[in-house]
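Have a look at the structure below before the remarks.
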Amino acid sequence: MGETMSNDIAGKPVGVESFRDRLATMDEKGKRKWVFAQKPRGKIYNIRTWVSWGFFALFFALPFIKINGRPLFLFNIPEARFIIFGKVFWPQDFFIFGLTMIVFIVFIVLFTAAFGRLFCGWVCPQTIFMEMLFRKVEYLIEGNAASQKLLKTQPWTGKKIRIKVTKQIAFYFLSFIIANFFLSYIIGMDQLVKIIKEPVREHVGGFSAILIFSAVFYAVYAYFREQVCTVVCPYGRLQSVLLDRNSMIVAYDYKRGEPRAKYKKTNTAQLNTGDCIDCFQCVKVCPTAIDIRNGTQMECVGCTACIDACNTMMDGVGKPQGLIRYASENGIANGQKLRFTGRMKFYTVVLIVLAGLLSFLLSTRKDVDGTIIRAGGMLYQERGTDSISNLYNIKIINKTIHDIPVTLRLEGTPGSIIEAEGREILVKKEQQGKGSFFIVLPRNFVKERKTKLMVGLYEGNKRITVLKTNFLGPFTAAH
Ligand code: SF4
Ligand code: SF4
């Protein structure tokens with residue numbers, strides 16, 4: 001990942017970088033090494049705690065917020081129904097959704113190129129739930145890292161069983177709560193309340209989903225933990241291509257810190273050593289167990305715990321803070337400030353163009369939409385001597401919050417439409433409606449095998465939208 005600094009800063013021979021041979025959380029045999037991260041303390045950790053409270057408030061409050069009777073957000077993947085800022089999106093709006101995803105990805109790319117893993121450290125739900133909720137509960141029940149380690153080595157006494165069981169119950173309880181709210185983003189809070197209030201047998205699917213989500217969250221936060229970031233998360237894997245030497249990262253100032261040496265109360269200038277006192281506090285607080293002094297590493301989630309830990313040590317030995325800080329690799333190597341590079345400018349232009357296109361699509365998006373296709377397995381029907389008809393199926397999507405009775409009219413073409421059921425199609429609010437109808441055209445109008453037609457959808461006399469379709473005529477009609 002990126003250019004390494006460890007050879008010169010750590011004084012290791014070129015090519016020997018054993019820390020890159022395997023994850024810091026694995027031993028030589030590939031067995032998991034449990035991370036007992038020490039509780040961080042410091043200014044940035046306090047700010048992150050406040051940010052996490054904001055995140056929790058949003059996460060638990062958003063499912064209760066409604067606009068015009070609709071949830072603010074809903075991501076109902078099973079029913080392919082999405083509500084974003086109170087607007088309903090259907091599979092037919094897929095291109096808008098796809099474009100939103102592209103804009104989001106470009107934003108992530110640009111943001112990462114400029115600010116590294118700021119997202120991971122400050123707002124990623126995985127980091128926030130792990131470090132700001134489950135880890136804190138763990139500190140509360142089992143104590144700090146040293147107590148946790150000690151507890152692990154102790155025999156299974158009544159006290160140890162009590163502590164471990166309490167922690168697992170607390171973890172499962174939190175996972176259960178998170179699972180309920182997570183599900184409310186998929187099915188809506190109203191539906192979730194029904195699942196909770198009504199008998200289980202009436203909501204077997206929903207109830208099973210809660211149990212499955214609870215089990216997954218519990219497994220992630222109780223056991224899998226940092227492996228989500230270091231092994232599973234694709235965003236973490238992408239860092240090596242997204243970051244460059246001008247990206248802002250959590251970085252160790254090796255120019256100032258090396259050669260590192262244990263602290264002695266003598267003048268370091270005389271001893272010709274750097275400011276790093278090799279206290280390993282930055283490693284002890286790291287939730288992914290890496291040593292940031294080895295340079296940029298994929299496992300670093302930018303949580304800033306090492307910044308706080310090192311600042312505390314620098315305060316203790318009377319040195320300036322910031323031996324570990326937010327900086328770019330160039331910033332550390334050449335004393336350069338963070339720059340708006342050519343690559344960032346290019347990403348910004350792409351982002352502006354895509355955002356403009358997205359705004360256009362959103363502003364011109366239809367509230368009622370649909371598709372008309374000719375009924376399968378049929379050609380055309382002769383109607384008397386002078387007319388030909390085709391049978392069609394229509395699907396109409398009503399994205400509004402009121403029912404719409406839809407009638408159909410041919411636009412700019414002689415002929416008529418005969419609705420198969422003899423009446424208008426009622427499309428309920430936020431639902432799909434369907435129907436069948438014949439288009440009847442004068443035989444002398446049908447000059448080609450396929451004739452393009454426009455069908456208007458009307459609510460009373462108000463045209464809602466126009467849909468395109470084809471009319472199939474006899475082969476001979478073309479001659
Ligand atoms: S190296 Fe520092 S910022 Fe990166 S994960 Fe470890 S403690 Fe967090
Ligand atoms: S906390 Fe700071 S001083 Fe201590 S080992 Fe890490 S970088 Fe060096």
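Worth knowing before you read on, the calculation uses all heavy atoms, side chains too, and leaves out hydrogens, waters and symmetry mates. These numbers were taken from a predicted model, which means no experiment stands behind them. Whatever order the structure lists ligands and atoms in, that order sets their numbers, starting from 1.
With ligand atoms numbered from 1 in the order given, ligand 1 contributes 1 (S) to contacts under 4.0 Å with heavy atoms of Ile292. Annotation for ligand 1: atoms under 4.0 Å from non-hydrogen atoms of Gly302 are 3 (S), 4 (Fe).
One finds a salt bridge joining Arg135 and Glu131 here, because a Lys/Arg side-chain nitrogen approaches an Asp/Glu carboxylate oxygen to under 4.0 Å. Between Asp190 and Lys66 there is a salt bridge, with a side-chain nitrogen of the basic residue lying less than 4.0 Å from a carboxylate oxygen of the acidic one.
For the pair Arg293 and Phe280, the cation-pi test (distance below 6.0 Å, angle within 45°) is passed.
Side chain to side chain, Asn46 and Thr49 fail the donor-acceptor criterion of an N or O pair below 3.5 Å. Side-chain contact, Tyr252 with Glu258: a donor N or O sits under 3.5 Å from an acceptor N or O. Remark: the Thr296 side chain and the Glu329 side chain contain an N/O donor-acceptor pair separated by less than 3.5 Å.
Proximity of Val285 to ligand 1, defined as any heavy-atom pair under 4.0 Å, is not found for any part of the residue. Only the side chain of Ile324 comes within 4.0 Å of ligand 2, judged by heavy-atom distances.
Scanning all protein heavy atoms for the shortest distance to atom 3 (S) of ligand 2 gives Ile277 N, 3.4 Å. When hydrogens are left out, the protein atom nearest atom 2 (Fe) of ligand 1 is Cys306 SG, 2.3 Å; that is the closest non-hydrogen contact. Closest to atom 4 (Fe) of ligand 1, if we only count protein heavy atoms, is Cys300 SG, 2.3 Å. Nearest protein heavy-atom contact of atom 6 (Fe) of ligand 1 is Cys286 SG, 2.3 Å. Taking atom 5 (S) of ligand 1 as the reference point, the nearest protein heavy-atom neighbour is Val301 N, 3.4 Å.
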Would Ile47 and Trp122 count as a side-chain contact (heavy atoms from CB on, under 4.5 Å) here? Give the steps. CA-CA 10 Å; Ile47 300 171; Trp122 288 79; 3.8 Å; yes

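Between Phe129 and Phe134, the two ring planes are perpendicular [angle over 60°; tilted spans 30° to 60°]. Phe217 and Phe213 have tilted rings, their planes meeting at an angle from 30° to 60° on a 0 to 90° scale.
Residue contacts with ligand 2: Met314 is included, with a non-hydrogen atom under 4.0 Å away.
For Cys276, every N, O or S atom stays at 2.8 Å or more from atom 2 (Fe) of ligand 2. Look at Cys303 and atom 8 (Fe) of ligand 1: an N/O/S atom of the residue is under 2.8 Å from the metal. Residue Cys282 counts as close to atom 6 (Fe) of ligand 2, with an N, O or S atom under 2.8 Å.
Compare Cys279, Cys310, Gly316 by their heavy atoms: the one nearest to atom 7 (S) of ligand 2 is in Cys310.
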